[in-house]
Amino acid sequence: MKDKIRRIVLSAAQAAYDQGDLATDQFAPFQITEPKASAHGDLATNFAMVSAGVQKMAPKKIAEAVLRHIQDPDHIIARSEIAGPGFINFFITPAAWHPSLAEIFQKDHHYGESNLGGGQRIQVEFVSANPTGPLHVGHGRGAVVGDAVAAILSFCGYDVHREYYINDSGRQIHTLGRSVLYRCMQISGKPVDFPEECYQGDYVYDLAKEILKEKGGRLTTVAEDEAVAYCAEYAAGKILTVIRQDLDVLGISFDNWFSEKHLYDSGKVDAVIQYFQQKNLIYENDGALWFKTSAFGDEKDRVVVRGNGQTTYFASDIAYHKDKLDRGFEKIIDVWGADHHGYIPRIRASIQAAGKDENQFVVILTQLVNLLRAGEPVAMGKRSGQFVTLREVIDEVGRDAARFIFLTRHYDSPLDFDLEIAKQQTNDNPVYYVQYVHARISSIIKKAKAERAIEEINADDKSISLIREPEEIQIIKHLARYPETVIMSAEFFEPHRIAFYLMELAAAFHAYYNKHRVLTDDPALTAGRLYLIVAVRKVIRNGLALLGVSAPESM
RNA sequence: GCGCCUGUAGCUCAGCUGGAUAGAGCAACGGACUUCUAAUCCGUAGGCCGGGGGUUCGAAUCCCUCCAGGCGCGCCA
């Protein structure tokens, strides 16, 4: 509808120019918007105001000139007016909205799809938690946001790949190995101090017990280095399995699990260091190798190989991101926790240093999650022994509620996740509010089938013409807005737009439901209304699918 | 000290990338179930959009500057 109005305005402006009512046909970019107040019409344009400069005319004069030349052969405009500082307001005839319903039926699961991406290959890397402990709610937010962004981009015509980067190399894994080994020793009755930097969580005990059971005492007879390495590999493997299970419970799967260790084993890290040494972007100082990230906007240079010969995490990350781009992705998106923000400039620098376009690299920073129970903070943090894992949260509140809560906030704002609220089945917890629409409509359909033998939901022109209550038109207007909502959501990587869209659509439906009956004594009217609510159900289902939330038939 | 993010109703959050009288939900108060699911709806009340400057026809939105909170500033990851 916005497009139709835009075309009408443009051709009116052109006609106005052709007949000398406007000074130029170089029209400034203008918007078609939905006024907040219904008194201002269904759609409005700021054309006259933004054109004041180029036309060198008063906005109201421009608006008058445009309105004089409006051509509306399909009679979609009931009336138009000039208002405020120069808005042109359009009041759309109710019948003009009806074709949107047919479009929803025709496109069905594909309603809202677009070719925004044009098949562009895009990679979304998310979660990527180190396999040194269970996932916590913070990871959950990144997981759900990344998954939803991937789904939305895919729906918008991108060729999307989901990837998890496994940090299965380096010091943290070594620390994990030590943690498990020391616990093994303690369980076997050997008095050892448990270092502070080791992982304190109970899961380390469990892993130690498992290892002892499988390997018996042999572990303590070999050299410590060997034992640590064994424990590290064993524990990381087990933890990764649990992480996969947790993500599976959330409904998340990846196209690829990329191993950091593999990056080293295949020589890619060394190769990248050599590559940048040849380009004079890596130099030696104080026995360490430094990358000239400061030449690309970072505040200082960064170490890639330490004085003791060990590579840093940054070294493998340079290799990893270069590898991603070398694999042919036109855009790579990293979903990180906000505590990693300081890391962005150096990765971006490495990408520019490799001669790539920095705009190919996008970071979505999800802000922190505060876990609460009835308003009281719940302890989190891997190193403190006690913490609530993501799995525990999902088991307690359910996958749908968990996902929806993560997605009803802009990723840029901190999130209070209250376990008690997440469990409530009230409007405080809107996932049920949205799902309830789907269940209610499903229920009406069932009843229509059972009591009226209505097998197929369809409507002829007469039935559709009976859809004209203000609440009904309101709903169709909202349905018509779905495709642009999805596109905006994709362009800005903002899944929350869809969540809020669905809540608004749900509100419009619930209000309608309470005011009007769908199953009436008039068969034609009933057919029209069934047609309308089935369209609502399709859009609710499509939207929830993008968010990874189920659409129940009954509740 | 420097950098990133945030500051909107008592609480949790939106605000269509600069538009008209700033919106939802919860909490409060008053109503609506003999009818398609009350996990719902209708109404009332609630605001210096953190403060102050600027940019222009027009600012919650853009710029500057303070204030407050969160998170970062290692040859850690």
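Residue numbering restarts at 1 for every chain, and letters A, B, ... go by the order of the sequence lines.
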- NA contact type, A:E299, heavy-atom cut-off 4.0 Å: base, sugar-phosphate, or nothing? sugar-phosphate

- Under 4.0 Å: is that the gap between some side-chain N or O of A:Q31 and OP1 or OP2 of B:U17? yes

- At under 4.0 Å between heavy atoms, what does A:R517 touch on the DNA or RNA strands: base, sugar-phosphate, or nothing? base

- Query: Is the aromatic ring centre of A:F500 closer than 5.5 Å to the centre of the six-membered base ring of B:A14, with the two planes inclined by less than 30°?
  - Reply: no

- Message: What is the distance, to the nearest angstrom, from the CD atom on A:Q435 to the P atom on B:U37?
- Response: 17 Å

- Going by atom types alone, do A:D301 and A:Y283 pair a side-chain donor with an acceptor below 3.5 Å? yes

- Do you know which of A:E472, A:E469, A:E471 makes side chain to side chain donor-acceptor pair (under 3.5 Å) with A:Y512? A:E472

- Message: Once you apply a heavy-atom cut-off of 4.0 Å, does A:L368 come out as touching a base, just sugar-phosphate, or nothing?
- Response: sugar-phosphate

- Query: Mind checking the P distance from B:G46 to B:U6? Whole angstroms is fine.
  - Reply: 30 Å

- Separation between the P atoms of B:G52 and B:U61, rounded to whole Å: 12 Å

- Length of the CD-P vector between A:Q424 and B:C11, whole Å: 18 Å

- Item | Which nucleotide in B:C75, B:U37, B:A20 has an atom nearest any side-chain atom of A:A288 | B:C75

- Nearest-angstrom distance from the residue atom CD of A:Q474 to P of B:A24: 12 Å

- Hey, does the side chain of A:K515 come within less than 4.0 Å of B:C36's phosphate (OP1/OP2), counting only N and O? no

- For RNA chain B, the dot-bracket notation using Watson-Crick and G-U wobble pairs below 3.5 Å, [ ] for pseudoknot-type crossings and | for other-strand pairs, is (((((((..((((.....[...)))).(((((.......))))).....(((((..]....))))))))))))....

- Item | Donor-acceptor side-chain pairing of A:Y432 and A:D400 below 3.5 angstrom | no

- Message: Counting the atoms with a prime plus P, OP1 and OP2 as sugar-phosphate, which does A:K449 contact under 4.0 Å by heavy atoms, base, sugar-phosphate, or nothing?
- Response: nothing

- Counting heavy atoms from C-beta on, name the nucleotide in B:C36, B:G19, B:C42 closest to the side chain of A:A511. B:C42

- So, is B:C33 syn or anti if syn means the angle is within 90° of 0? syn

- Any luck finding a side-chain donor-acceptor pair between A:Q425 and A:Y436 under 3.5 Å? no

- Message: Students often get this wrong, so: under 4.0 angstrom with heavy atoms, is A:N308 touching a base, only sugar-phosphate, or nothing?
- Response: nothing

- Item | Phosphate-side-chain proximity, A:Y436 and B:A39, N/O vs OP1/OP2 below 4.0 Å | yes

- Counting just side-chain N and O atoms, does A:Y513 come under 4.0 Å of either OP1 or OP2 of B:A38? yes

- Taking the P atom of each, how far is B:A20 from B:U37, in whole Å? 40 Å

- Item | Closest listed nucleotide, where the reference is the side chain of A:R440 and the choices are B:A38, B:A77, B:C75 | B:A38

- Query: NA contact type, A:S443, heavy-atom cut-off 4.0 Å: base, sugar-phosphate, or nothing?
  - Reply: base

- Nearest to side-chain heavy atoms of A:H496, which nucleotide of B:A14, B:A20, B:C71: B:A14

- Would you kindly compare A:Y343 and A:H510 by the position of their nearest RNA chain B nucleotide and give the one closer to the 5′ end? A:H510

- Could you measure between the two P atoms, the one in B:C36 and the one in B:U17, and give it in whole Å? 42 Å

- Message: For a quick check of understanding: with a heavy-atom distance under 4.0 Å over all strands, which category does A:A44 fall into, base, sugar-phosphate or nothing?
- Response: base

- What integer number of Å spans the P atoms of B:C71 and B:C29? 37 Å

- Query: To the nearest Å, how far apart are A:E494 CD and B:C16 P?
  - Reply: 9 Å

- So what does A:A83 hit on the nucleic acid, given a heavy-atom distance under 4.0 Å: a base, only sugar-phosphate, or nothing? base

- Determine the interatomic distance between C1' on B:U12 and the same-named atom on B:A59; round to the nearest Å. 26 Å

- Query: Looking just at side-chain N and O atoms, do A:D334 and A:H340 make a donor-acceptor pair shorter than 3.5 Å?
  - Reply: no

- Message: At less than 3.5 Å, do the side-chain atoms of A:H341 and the base atoms of B:G3 form a donor-acceptor pair?
- Response: yes

- Return the 5'-most residue of the pair A:K36, A:R346 with respect to RNA chain B, ranking by each residue's nearest nucleotide. A:K36

- Starting at CD1 of A:I344 and ending at P of B:G72, how long is that distance when rounded to a whole Å? 14 Å

- Query: If we take the P atom in both B:C4 and B:C49, what is their distance in whole Å?
  - Reply: 26 Å

- Residues A:H174 and A:R171: side-chain donor-acceptor under 3.5 angstrom: no

- Message: If the cut-off is 4.0 Å, is A:R306 near the phosphate of B:C76, judged by side-chain N/O to OP1 or OP2?
- Response: yes

- Whole-Å distance between B:G70 C1' and A:H340 NE2? 16 Å

- Message: Any heavy-atom pair between the side chains of A:M555 and A:H438 that's under 4.5 Å?
- Response: no

- Message: Once you apply a heavy-atom cut-off of 4.0 Å, does A:R171 come out as touching a base, just sugar-phosphate, or nothing?
- Response: sugar-phosphate

- Would you say A:H410 stacks on B:A14, if stacking means ring centres under 5.5 Å apart and planes within less than 30 degrees? no

- Message: Looking only at side-chain N and O atoms, does A:H410 offer a donor or acceptor that is under 3.5 Å from a partner on A:R497?
- Response: no

- Taking atom types as they are modelled, is there a donor-acceptor pair under 3.5 Å from the base of B:A20 to the side chain of A:N46? no

- Query: Counting any heavy atom closer than 4.0 Å, what does A:Y433 reach on the DNA or RNA strands: base, sugar-phosphate only, or nothing?
  - Reply: sugar-phosphate

- Hey, mind stepping through A:R306 and A:T312 against side chain to side chain donor-acceptor pair (under 3.5 Å) and telling me if it holds? CA-CA 7 Å; A:R306 286 180 267 167; A:T312 61; over 6 Å; no

- Given the 90°-from-0 boundary between syn and anti, B:U55 should be labelled anti

- Item | Between A:Y501 and A:S489: side-chain donor-acceptor atoms closer than 3.5 Å | no

- Between A:I82 (CD1) and B:C57 (P), how many Å, whole number? 20 Å

- Separation between the P atoms of B:A22 and B:G69, rounded to whole Å: 31 Å

- Query: How is A:D521 classified with respect to the nucleic acid when contacts are heavy atoms under 4.0 Å: base, sugar-phosphate, or nothing?
  - Reply: nothing

- Item | OP1 or OP2 of B:A14 under 4.0 Å from side-chain N/O of A:S413 | yes

- Base, sugar-phosphate alone, or nothing: which one does A:A37 contact when heavy atoms must sit under 4.0 Å apart? nothing

- Query: When we call it a touch if two heavy atoms are under 4.0 Å apart, what does A:T485 touch: a base, just sugar-phosphate, or nothing?
  - Reply: nothing

- Scan A:P85 against the nucleic acid and name what it touches under 4.0 Å (heavy atoms): base, sugar-phosphate only, or nothing. base

- Note on the structure: note: A:D412, atom CG; B:C13, atom C1'; distance rounded to Å ~ 14 Å

- Task: Decide whether A:N89 and A:E81 meet the rule of one side-chain donor and one side-chain acceptor closer than 3.5 Å.
- Result: yes

- Task: Report yes if the side chains of A:E260 and A:I166 come closer than 4.5 Å at any heavy-atom pair, otherwise no.
- Result: no

